[in-house]
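Residue numbers start from 1 in every chain, and the chains themselves are labelled A, B, ... in the order their sequence lines are given, proteins ahead of strands.
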Number of protein chains: 2
Amino acid sequence: MQEKAGKRSATTMARRKHIVESAALCFIEQGFHQTSVRDIAKQANISLGGLYNHFENKTALIAEIAALEAEDLSGVVKTLTGNAPPQKRMQRFINAYFKAASGKANAIMTAEIMAESMRNPDIAKGYAVNRQALVDALLPVVEILHPGTPPEPRAQLILDMIEGAGIRVAFEDTKTRKAARTALLDWILP
Amino acid sequence: MQEKAGKRSATTMARRKHIVESAALCFIEQGFHQTSVRDIAKQANISLGGLYNHFENKTALIAEIAALEAEDLSGVVKTLTGNAPPQKRMQRFINAYFKAASGKANAIMTAEIMAESMRNPDIAKGYAVNRQALVDALLPVVEILHPGTPPEPRAQLILDMIEGAGIRVAFEDTKTRKAARTALLDWILP
DNA sequence: TATTTGAGTGAACGTTCGTTCATTCATATA
DNA sequence: TATATGAATGAACGAACGTTCACTCAAATA
């Protein structure tokens, strides 16, 4: 990956960010390996060669976007903190995480990253680190809400369930999505 | 897709099957779109042009393998039928489905098909049909084991959870896998 | 036995791919 | 102001891609 820090001009950093966003659009629409570097350059309104001033190669661009996707969940983790009663915090978390997971763009990107993780250890590592953060934030709430069972595997299952349900209903109608959300709350909350 | 029926010579049908299996190996190792037709031909010990006597194009080969993967779960559905008590049937099902879902090759292929489903309606349809069969088989057991809650969304969540856990632990050590399996049984069985 | 059929082969086609390069140009630095 | 820096450009490169083709040949059909 190219150096992130360093005093580059503001416009250069903005351009770089714009390329990342353009690449994300392409990847969501066509997938990592069906998207060409030319597609990304065109989407970003930059020349083919110019793109290589910002990224070493296509793989670095994929890795950067996969990392970004992982970081984007910091807002969801926040729903689990604070002084609200555990039931309330868990309810907020389920709603927030399910909403994120069931967004179309997010579902597509998650599927893409999952498949990529199977062969790219760097991406798998990024995904694992982020998931552990979610589990850690979930642990104290699970210990209270689901007593008498090992909290970590239970927390993992909660995440598995929300993620799986999210992807499954991402292209379904509102009614199905609401039903899924209700079913999640119904089962996870005591 | 090429005609499946018709009186082809037995050796030709065997060769076709061999190509499918070789393609599956390639797809698991490299992914759908990183695998070239030449890779498949080489793996199957057939010439490049000869492969096109059996399949119209690469897409047809992907579709056939995705369909095969869906059909392979008929054995798992059988665990839910019979006269055994519902707890026993559910327990058998969880063990069988989790074992299938957490196999490395299966996990990779599932991730690949998931990503492909997001853009290929045919593959998505095949996946949906197969999942509905699982849900239908699960319904009567869920109605007994999880009374007082809508059975279909609950059955979907059970599948989401087992599939997600399977993929997650596919590359973990035996201890982690056992813990996941225990956690599944612990939560789903009453 | 003569003929038709279909599966085998690998060279060849046209396209697209990721990446590099010489060059231009605007901006920051001296 | 003169100079150095790095970002922008699109042509060019070699490799790889999916697919087609003319062809060979063994086996089924007549």
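Axis orientation changes by 10° from one end of the helix from C/dT1-D/dA30 to C/dA30-D/dT1 to the other, with each end axis drawn from 5 pairs and the value rounded to 10°.
Between B/Asn57 atom CG and D/dT20 atom P there is a gap of 8 Å when expressed in whole angstrom units. Straight-line distance from the CG atom of B/Asn45 to the C1' atom of C/dG10: 15 Å, rounded to whole Å. Distance, B/Lys58 NZ to C/dT16 C1': 13 Å, rounded to whole Å. Here C/dA22 presents its P atom at 15 Å from CG of A/Asn53, a figure rounded to the nearest Å. Counting to the nearest Å, the C1' atom of D/dA8 and the CD1 atom of A/Ile19 are 11 Å from each other. Rounded to an integer number of Å, the gap from A/Phe55 CZ to C/dT20 P is 16 Å. Protein atom OH of A/Tyr52 is 15 Å distant from nucleotide atom C1' of D/dA11, rounded to whole Å. One interatomic measurement links the two molecules: NZ of A/Lys17 to P of D/dA7, which rounds to 19 Å at whole-angstrom precision.
No hydrogens or angles considered: nothing links the side chains of B/Gln30 and A/Arg119 as a donor-acceptor pair under 3.5 Å. In summary, the side chains of B/Tyr127 and B/Glu69 do not present any donor paired with an acceptor at a separation below 3.5 Å, with no hydrogens or angles considered. Remark: the B/Asp136 side chain and the B/Gln132 side chain contain an N/O donor-acceptor pair separated by less than 3.5 Å.
Of the residues in residues 25-40 of chain A, those lying under 4.0 Å from DNA chain C by heavy-atom distance are A/Thr35, A/Ser36, A/Val37, A/Arg38.
Atoms CD1 and CD1, on A/Ile46 and A/Ile40 in that order, are 11.0 Å from each other to the nearest 0.5 Å. Interatomic distance, CD1 of A/Ile188 versus CD1 of A/Ile94, reported as 4.0 Å (0.5 Å rounding). Going from atom CD1 of B/Ile19 over to atom NE2 of B/His54 covers 4.5 Å, rounded to the nearest 0.5 Å.
Side chain of A/Ser47, nearest nucleotide from D/dT9, C/dA7, D/dT19: D/dT9. Taking every side-chain heavy atom of A/Leu48 into account, D/dA11 is the closest of D/dA8, D/dA11, C/dG8. The B/Arg15 side chain lies nearest to C/dG8 when the options are D/dA8, D/dT19, C/dG8.
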Could I get a table of every N or O pair under 3.5 Å where one atom is in the protein and the other is in nucleotides 21-28 of chain D?
none

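Counting heavy atoms from C-beta on, the side chains of B/Leu51 and B/Leu61 come closer than 4.5 Å. Taking 4.5 Å as the limit, some side-chain heavy atom of B/Glu116 sits within range of a side-chain heavy atom of B/His33.
We find that B/Glu163 and B/Arg131 are joined by a salt bridge, their nearest charged nitrogen and carboxylate oxygen being less than 4.0 Å apart.
By the ring-ring contact (aromatic ring centres under 6.0 Å, His included) test, A/His146 is found to be paired with B/Trp187, residues two or more places apart in sequence or in another chain being considered. Under the side chain to side chain contact (heavy atoms under 4.5 Å, CB included) criterion, A/Leu48 pairs with A/Val37, A/Arg38, not counting sequence neighbours. B/Arg92 meets the side chain to side chain donor-acceptor pair (under 3.5 Å) test with no other residue; sequence neighbours excluded.
Close to C/dG8, at under 4.0 Å from its OP1 or OP2, lies a side-chain N or O of B/His54.
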